[in-house]
Amino acid sequence: MNYRISQRAAALSPSLTLAIDAKAKAMKAEGQDVVGFGAGEPDFDTPQHIKDACAKALAAGFTKYTPSSGIPELRQAIADKFKKENGLNYKPSQIIVSCGGKHSCYNVIIATCQEGDEVIIPAPYWLSYPEMVKLAGATPVILETTDQTEFKVTPEQLRAAITPRTRLLVLNSPSNPTGSVYTPNEVKAIGDVCVEKGVLIMSDEIYEHLLYDGAVHRGVATFSQAHCDHTIVVHGFAKAWSMTGWRLGFLAAPEPIAKAIDAIQSHSTSNPNSFAQKGAVAALTGPQDHLQTWLAEYAKRRSFAHQKLNSIPGISCVNSKGAFYLFPNISKLGLQSTDFCARLLEQEKVAAVPGIAFGADDYIRISYATSLANIEKGLDRLERFARTLKSQPA
Ligand SMILES: *Cc1c(COP(=O)(O)O)cnc(C)c1O
């Protein structure tokens, strides 16, 4: 039998973050004392009232197919969220509930991009974006940024990268993996270029609520009707409500794009889990006070980790303003990020994700979605490891 794999599938790289996570978990299962900085998910439990709403729906037999783009009650609650928190006027028909924010991103790209199209992705990027673009048959165009500019692209850099083939810009603020947050003015300036050039924006705002030091999030769609008409907002329940395993994301799009995504979803996944959607309604309409508690905890860990990382010879780290990641620069320690992380895991049993996975080999990603005690232990080990490497002259 010839198991020929399609060109599209064969072109994919498997997720390096999931691979590291699997290796660390296997070491843990063997009884080794591994400190995990690899997680891309909150270490807090889903708030009880959300679980209760889901359990209640399940017990009541809410177990059948729903409309493929989500139950009307949830789409309305999402439209209300956009109105109340972002000042955006979406009809429920413009809202699509998907099987995770990742699925929302995939749907956007597959619905808007095709062979011959270019998609601009600022690096460091969330590692799934370029692979999704390749799956759509389009070409990722990577825009490099560094810690010198807090990993943000400038309007000039964007303008220079736009060609007649440019279809979409991927904007992710607050960012995974860097935690950097564009200011409202910076977002507007990026949006202005896209509006002028007729480029769509996929704005991944899943970390919208995770902000520190007074940082402000403002979505690109909020600056004018034209900005909104060029934007698809992607969001989800995974991060701010700690619902990673529930597989629920959502998006808001101009009507024709929402319609196309509805059709795609109706022929691929159909609806996201029915009773999980009832939990999501409770997430949006219920109390939000869990968030203040989580943010206070994240902020403490972030301050500690940021300070500790910068105290390690050869490592420098700009402070993040959002999400739950730091992205220290390890280039002075003379190892590529993959070797660095492999040896760190071998020698010190600390799991971190090599920056190369995000298109930035000079860095590693540290997730502080783990206890302060773990962070202290893990960073002490990282320091011991770094001191065994020869710091390279700048
Ligand atoms: C976590 C994450 C998502 C969505 O994750 P799901 O678990 O699929 O909801 C989307 N974008 C970024 C940048 C993320 O970090």
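Whatever order the structure lists them in is the order used to number ligands and atoms, beginning at 1.
- In this structure, Gln336 places its CD atom where only 12 or fewer heavy-atom neighbours from other residues, nucleotides or ligands lie under 6.0 Å away.
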Tell me which donor-acceptor pairs under 3.5 Å the side chains of residues 4-11 have, and how far apart each pair is, sequence neighbours excluded?
from : atom 1 : to     : atom 2 : distance (Å)
Ser6 : OG     : Ala9   : N      : 3.2
Arg8 : NH2    : Glu115 : OE2    : 2.2

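- With hydrogens and angles left out, the side-chain atoms of Ser69 and Asp262 include a donor and acceptor closer than 3.5 Å.
- Listed by chain and residue number, His235, Trp241 satisfy the ring-ring contact (aromatic ring centres under 6.0 Å, His included) test with His209 (two or more places apart in sequence, or in another chain).
- For Tyr212, the ring-ring contact (aromatic ring centres under 6.0 Å, His included) criterion is met by no residue, not counting sequence neighbours.
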May I have the N/O to N/O pairs between ligand 1 and the protein that fall below 3.5 Å, each with atom names and distance to one decimal?
from     : atom 1 : to     : atom 2 : distance (Å)
ligand 1 : 7 (O)  : Arg247 : NH1    : 2.7
ligand 1 : 8 (O)  : Gly101 : N      : 3.1
ligand 1 : 8 (O)  : Lys102 : N      : 2.8
ligand 1 : 8 (O)  : Arg247 : NH2    : 2.7
ligand 1 : 9 (O)  : Gly101 : N      : 2.7
ligand 1 : 11 (N) : Asp204 : OD2    : 2.6
ligand 1 : 15 (O) : Asn176 : ND2    : 2.8
ligand 1 : 15 (O) : Tyr207 : OH     : 2.7
ligand 1 : 15 (O) : Lys239 : NZ     : 3.0

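- Aromatic ring centres of Tyr325 and Phe358 lie farther apart than the 6.0 Å criterion allows.
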